[in-house]
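Worth knowing before you read on, the calculation uses all heavy atoms, side chains too, and leaves out hydrogens, waters and symmetry mates. Sequential numbering from 1 along the given sequence is applied to the chain's residues.
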Amino acid sequence: MKTVPTIPLSPLFAISKKFGAAFIALAFPLMAQAAGAVLLQGPEISVTTDDVQIEMQRMPMEVQQRLLITPPQMRQLINNIYLRRAAAQAAERQGLTQDPTVQYRLQMARENTLGEAWINAVNASVKPTEQQLDTYAKSTYKAEPKRFEIPAESRARHILLMGKTPDNLAAAEKLLQELKAGANFEEMAKQHSKDPGNATKGGDLGWFPKGRMVKEFDDAVDALKNPGDISDVVTTQFGYHIIKFEGRKPAVMREYSEVREQLYAEALAKLQQEARTIQIEKLQSQIKGDETALQSFIESEKSKHK
């Protein structure tokens with residue numbers, strides 16, 4: 001059974017992977033348990049619906065949805081919460097919270113959680129107006145047209161003789177002569193092409209932008225100008241192709257209405273980042289380091305490893 005993933009804290013307040021889950025496992029059970037309907041009950045510990053809801057908030061939406069339709073994984077999550085609390089309670093009874101290293105790890109877990117909450121509060125304080133978002137979105141749309149461009153596309157059919165062998169090359173040349181003499185390309189593709197993805201469709205590759213096909217194929221398509229044009233035999237890593245050009249669509253800009261919500265989200269994220277930067281700079285402005293103490297500490301640590 002797959003385990004249920006958890007969500008790491010933001011990089012600014014990330015807990016060291018070395019300690020990671022141990023901090024959280026010990027820190028949070030010290031808090032009062034959430035209310036709600038009891039889902040799992042032990043001698044002194046219970047897991048409630050509120051506990052599970054809070055735990056799920058830390059997970060991506062797709063993971064939450066999977067839990068709701070996969071009862072065994074939901075039961076596993078509930079059991080994990082219980083075992084985490086039970087282990088923390090056992091640690092407290094053994095007096096492990098008096099260990100200086102454990103105390104520091106608990107402090108780190110608390111600081112990380114509160115720090116992340118502070119960041120979230122800063123983000124929540126940013127409430128731009130619709131006009132501010134729209135101004136940013138429109139200016140970005142105009143300033144970066146390439147970002148919102150639907151690239152030019154070509155449509156073609158091909159006949160593929162897979163494998164670069166002399167026999168296949170001779171067969172491809174013979175098919176090309178028949179096509180130039182008037183043979184139906186679609187029927188020839190159905191009969192002779194070895195491309196399993198489109199042979200039954202008369203070799204139709206549909207619409208595709210430049211770069212989706214291998215370079216030799218792209219170059220051959222670019223050289224064809226008029227619908228109905230047929231290439232010479234084209235050699236690629238797959239073998240020998242004969243290509244029939246069907247048409248080309250020029251690059252076009254996506255409508256602003258199609259990308260507006262994306263740009264609104266970008267604008268909000270940018271404003272939140274600016275707000276976080278301002279607040280973090282305020283905290284940093286209060287810092288006063290002691291270079292002498294730092295150098296003394298470094299030298300002391302170096303001496304331990306000689």
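- Looking at S46 and L40, their side chains never come closer than 4.5 Å, going by heavy atoms from C-beta outward.
- The side-chain heavy atoms of L205 and M213, taken from C-beta on, include a pair separated by under 4.5 Å.
- A salt bridge is absent between E62 and R66: the closest approach of a Lys/Arg side-chain nitrogen to an acidic carboxylate oxygen does not fall below 4.0 angstrom.
- A single hydrophobic cluster is not seen to contain both V38 and I81; linkage of ILVMFWY side chains at heavy-atom distances under 4.5 Å, directly or through other members, places them apart.
- The salt bridge (charged side-chain N to carboxylate O under 4.0 Å, His left out) analysis of residues 214-223, with sequence neighbours excluded, yields the pairs K210-D222, K215-D219.
- The closest side-chain heavy-atom distance from D99 to L96 is not below 4.5 Å.
- Of all the heavy atoms in P196 and K194, the pair that sits closest is CD-O, 3.1 Å.
- Between D51 and R85, at least one side-chain N (NZ, or NE/NH1/NH2) sits under 4.0 Å from a carboxylate O, which counts as a salt bridge.
- Within the model, atoms NZ of K190 and OG1 of T200 stand 8.0 Å from one another, a figure rounded to the nearest 0.5 Å.
- Side-chain N or O atoms of T48 include none that pairs as donor or acceptor with a backbone N or O of A37 at under 3.5 Å.
- Annotation: side chain of Q103 is in contact with side chain of Q98 (closest heavy-atom distance under 4.5 Å).
- In terms of modelled atom types and a separation under 3.5 Å, the side chain of E258 and the main chain of E255 share a donor-acceptor contact.
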task: Tell me, with the steps shown, if Q53 and D50 meet side-chain contact (heavy atoms from CB on, under 4.5 Å).
output: CA-CA 5 Å; Q53 287 176 338; D50 284 359; 3.6 Å; yes
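- Side-chain atoms of Q107 and E111 include a donor-acceptor pair closer than 3.5 Å.
- Using a 4.0 Å cut-off between a side-chain N of Lys or Arg and a carboxylate O of Asp or Glu, E44 and R93 qualify as a salt bridge.
- Between N198 and K201 there is a side-chain heavy-atom pair separated by less than 4.5 Å.
- The CD atom of Q132 sits 8.0 Å away from atom OG1 of T135, with the distance rounded to the nearest 0.5 Å.
- Between the side chains of R276 and Q273, at least one donor N or O lies within less than 3.5 Å of an accepting N or O.
- Listed by chain and residue number, Y141 satisfy the ring pair (Phe, Tyr, Trp, His ring centres under 6.0 Å) test with Y256 (two or more places apart in sequence, or in another chain).
- The two residues V126 and A275 make their nearest non-hydrogen contact at CG2-CB, 3.6 Å.
- Taking the charged nitrogens against the carboxylate oxygens, K270 and E266 have no contact shorter than 4.0 Å, which rules out a salt bridge.
- Evaluation of the salt bridge (charged side-chain N to carboxylate O under 4.0 Å, His left out) test over residues 148-161, restricted to residues two or more places apart or in two chains, returns K146-E149, E153-K249, R155-D204, R157-E186, R157-E246.
- Note that CD1 of I278 is 7.0 Å distant from CD of E274, once rounded to the nearest 0.5 Å.
- Between the side chains of T277 and E281, no donor-acceptor pair is found at a separation under 3.5 Å.
- Panel note: side chain S303, backbone S300; a donor-acceptor pair is recorded below 3.5 Å.
- Between R84 and E55 there is a salt bridge, with a side-chain nitrogen of the basic residue lying less than 4.0 Å from a carboxylate oxygen of the acidic one.
- By the 6.0 Å contact criterion, CD on Q131 is open, its count of non-hydrogen atoms from other residues, nucleotides or ligands being 12 or less.
- When the options N79, I69, L68 are evaluated for a side chain to side chain contact (heavy atoms under 4.5 Å, CB included) with M74, the one that passes is L68.
- Side-chain contact, T236 with H241: a donor N or O sits under 3.5 Å from an acceptor N or O.
- The two residues L133 and L268 have their closest heavy-atom pair at CD2-N, 4.0 Å.
- Across every non-hydrogen atom of F148 and T140, the tightest pair is CE1-O, 3.9 Å.
- The side chain to side chain contact (heavy atoms under 4.5 Å, CB included) test applied to L294 returns E291, I298, not counting sequence neighbours.
- The structure places CG of L77 at 12.5 Å from CZ of R75, a figure rounded to the nearest 0.5 Å.
- Contact between R248 and S154 at its shortest, heavy atoms only, is NE-OG, 3.3 Å.
- For K180, the salt bridge (charged side-chain N to carboxylate O under 4.0 Å, His left out) partners are D232, not counting sequence neighbours.
- Linking ILVMFWY residues whenever their side-chain heavy atoms come closer than 4.5 Å, directly or via other members, places M253 and L263 in the same cluster.
- Expressed to the nearest 0.5 Å, how far CG of D229 lies from CG of N226 amounts to 4.5 Å.
- Cluster annotation: V122 and I119 are assigned to the same hydrophobic cluster (Ile/Leu/Val/Met/Phe/Trp/Tyr, side-chain heavy-atom contacts under 4.5 Å, transitive).
- Y136 and L271 end up in different hydrophobic clusters when Ile, Leu, Val, Met, Phe, Trp and Tyr side chains are linked at under 4.5 Å.
- The hydrophobic cluster containing V214 also contains M162, counting ILVMFWY residues as joined when their side-chain heavy atoms lie under 4.5 angstrom apart, directly or transitively.
- In this structure, L169 belongs to a hydrophobic cluster whose other members, linked by side-chain heavy atoms under 4.5 Å apart, are I159, L161, L175, L176, L179, F185, M188, I230, V233, Y240, I242.
- No hydrogens or angles considered: a donor-acceptor pair under 3.5 Å links the side chains of Y264 and E130.
- Nearest heavy-atom pair across R254 and Q262 is NH1-OE1, 4.4 Å.
- Rounding to the nearest 0.5 Å places CD of E173 at 12.0 Å from CD of E178.
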